[in-house]
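Read the structure below first, then the notes.
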Amino acid sequence: MMRNVKIDREGCIACGSCYALCPKVFEDDGTGTAQVVEEYMKEGPEVGEVGDDIGCVENAEDSCPVNVITVS
Ligand code: SF4
């Protein structure tokens with residue numbers, strides 16, 4: 001099963017948590033704001049799709065201090 005990952009980048013405060021905890025899926029876009037890495041990008045830098053084997057997306061979702069990451 002695939003899961004969707006969405007980052008509301010406008011609300012991102014560039015804390016770095018998501019890409020520290022889950023660098024396979026999240027990265028710094030160069031300004032500190034998070035984006036989905038190219039490998040998993042689906043619809044631009046805000047939306048990605050990952051397989052069940054990548055569990056760290058939930059850790060990233062839980063760690064975001066402004067709750068702008070949604071895993072569904
Ligand atoms: S954890 Fe949230 S606020 Fe921090 S860099 Fe990631 S998306 Fe932005």
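These values consider heavy atoms only, across backbone and side chains, with no hydrogens, waters or symmetry-generated copies. Every number for a ligand or one of its atoms is a count from 1 in the order of the listing.
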(Q) If I compare all heavy atoms of Tyr19 with all of Ala14, which pair ends up nearest, and what's the gap? (A) OH-O, 4.4 Å
Q: Looking only at non-hydrogen atoms, find the nearest pair between Glu61 and Val71 and report the distance.
A: OE2-N, 3.1 Å
(Q) Quick check: closest heavy atoms across Asp29 and Arg9, and the distance to 0.1 Å? (A) OD2-NH1, 3.2 Å
Q: Quick one: give me the number of protein N/O/S atoms under 2.8 Å from atom 4 (Fe) of ligand 1.
A: 1
Q) Any Lys/Arg nitrogen of Glu49 or Arg3 sitting under 4.0 Å from an Asp/Glu carboxylate oxygen of the other? A) no
**Q.** Exercise: identify the closest heavy-atom pair between Cys18 and Ala34
**A.** SG-CB, 3.5 Å
Q | Closest non-hydrogen atom pair between Pro65 and Ile13, with its separation | A | CG-CD1, 4.0 Å
